[in-house]
Amino acid sequence: MEELNEPVMIAVERLTKFYGNARAIEDISFSCRRGEIVGFLGPNGAGKTTTMRILTGYLPPTSGVARIAGYNTLTDSLQAREHLGYLPETVPLYREMSVEGYLAYIGRLRRVPNLWERIDEVLDAVGLAERAGSYIGHLSKGMRQRVGLAQAMLHNPEVLILDEPTIGLDPRQVVEVRELIKELGQRHTILLSTHILGEVEQLCDRVIMIIDGHIYADMPTSGLMGPNTVIRLHLASPSRDTARILRSLVGVQDVTNGADGVYHVRYDGGDETRAAIASTAVNASWGLLELTVERPTLESIFLERLREAEQRQAQTMEEEEE
Ligand code: ADP
């Protein structure tokens with residue numbers, strides 16, 4: 001990959017954070033290079049926000065180091081912040097300010113040179129040029145999110161950290177904000193957290209998955225789905241033997257029988273197995289109404305990974321006992 005020649009812009013080295021006695025993250029390490037859009041995924045409480053807050057310099061780690069563009073976020077926090085734009089999950093916007101008034105205020109705090117030119121540029125980039133004079137309190141949620149992105153980009157940082165950037169937006173706004181992020185990703189390094197699998201697939205080259213304060217996976221997005229695939233069969237007239245017959249097909253791993261003739265068939269993902277499931281359903285005259293390959297959700301992928309990790313742990317313990 002050509003990206004391997006690009007400089008590391010986000011570096012997290014053996015990061016641990018305790019809140020009192022409670023461990024939020026433990027011994028986390030990863031890095032992101034220029035031009036990468038990396039998805040930062042995990043169930044609620046996994047430690048995403050804690051990691052992002054340490055990266056943005058808002059929170060000191062208990063141990064370990066976080067660097068933005070090579071600068072330690074704790075000891076060189078000013079330089080680190082110069083290279084970083086942050087979109088928190090809820091952006092602290094001042095509702096009684098105008099869009100450009102707010103950006104001017106933020107820009108002066110950050111000592112942005114040629115401030116008014118830069119404000120025009122970012123308003124263009126986020127598609128808000130025509131709303132420059134509007135009160136923030138009068139904007140739709142999607143537009144306010146774009147003001148949040150505008151403030152993150154204002155000082156032209158090379159690194160952007162975005163916490164759930166499309167949460168609470170309507171479908172059209174989601175499309176617009178994703179297009180903007182994709183475009184920004186060509187020149188920046190972006191770490192973004194999200195709960196939406198489609199968003200990850202659309203935007204991210206790579207995903208880092210964190211569960212219970214540990215990193216469980218760091219891999220290309222294409223590897224996220226894993227080999228387990230589920231087919232949903234809707235049958236008008238299944239027989240008592242339907243689940244047993246499906247289970248006996250080569251490549252089928254498990255069959256669960258839901259209500260109203262709906263069966264979930266876990267299989268090896270192969271086209272041959274899928275074809276066999278379809279022809280069996282037709283030949284057995286079960287009244288096939290629908291056959292769909294179920295798309296996993298991020299939550300189901302987390303659960304699957306968690307189960308794998310627990311199985312591995314149990315296996316290691318057994319081996320150690322032997
Ligand atoms: P995520 O963003 O993935 O939902 P967080 O980083 O917010 O996860 O939380 C990780 C863990 O740390 C959770 O168990 C959470 O309850 C705990 N935690 C987060 N913030 C604080 C805090 N300020 N004080 C005490 N515990 C916290």
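Values reported hereafter were calculated over all heavy atoms of this structure, with side chains retained and with hydrogens, waters and symmetry mates removed. Remember, it's a predicted structure, so these values are computed and weren't measured experimentally. Every number for a ligand or one of its atoms is a count from 1 in the order of the listing.
- For Gly45, a nitrogen or oxygen atom sits less than 3.5 Å from a nitrogen or oxygen atom of ligand 1, counting backbone and side chain alike.
- Two different hydrophobic clusters hold Leu192 and Leu55 under the rule that ILVMFWY side chains link at heavy-atom gaps under 4.5 Å.
- Side chains of Thr16 and Asp27: a donor-acceptor N/O pair is absent below 3.5 angstrom, by distance only.
- Neither the backbone nor the side chain of Ser193 comes within contact range of ligand 1; no heavy atom lies under 4.0 Å.
- Of the protein's heavy atoms, none falls inside 4.0 Å of atom 15 (C) of ligand 1.
- Taking every non-hydrogen atom of Lys48 and a distance limit under 4.0 Å, the qualifying atoms of ligand 1 come out as 1 (P), 2 (O), 3 (O), 4 (O), 6 (O), 8 (O).
- Summary of contacts: the protein heavy atom closest to atom 2 (O) of ligand 1 is Thr49 OG1, 2.6 Å.
- Within a 6.0 Å sphere centred on CD of Gln311, heavy atoms belonging to other residues, nucleotides or ligands number more than 12.
- If you number the atoms of ligand 1 from 1 as listed, the ones under 4.0 Å from a heavy atom of Gly47 come out as 1 (P), 3 (O), 5 (P), 6 (O), 8 (O), 10 (C).
- Shown here is Glu294, whose CD atom has more than 12 heavy atoms of other residues, nucleotides or ligands within 6.0 Å.
- Note on ligand 1: Ala22 sits outside its first shell, no heavy atom being nearer than 4.0 Å.
- Here is the list of ligand 1 atoms found below 4.0 Å of a heavy atom in Asn44: 4 (O).
- Close approach of ligand 1 to Pro43 is summarised as follows: ligand atoms under 4.0 Å from at least one heavy atom of the residue are 3 (O).
- No option in Leu233, Thr256, Asp254, Asn257 other than Thr256 meets the side chain to side chain contact (heavy atoms under 4.5 Å, CB included) test with His264.
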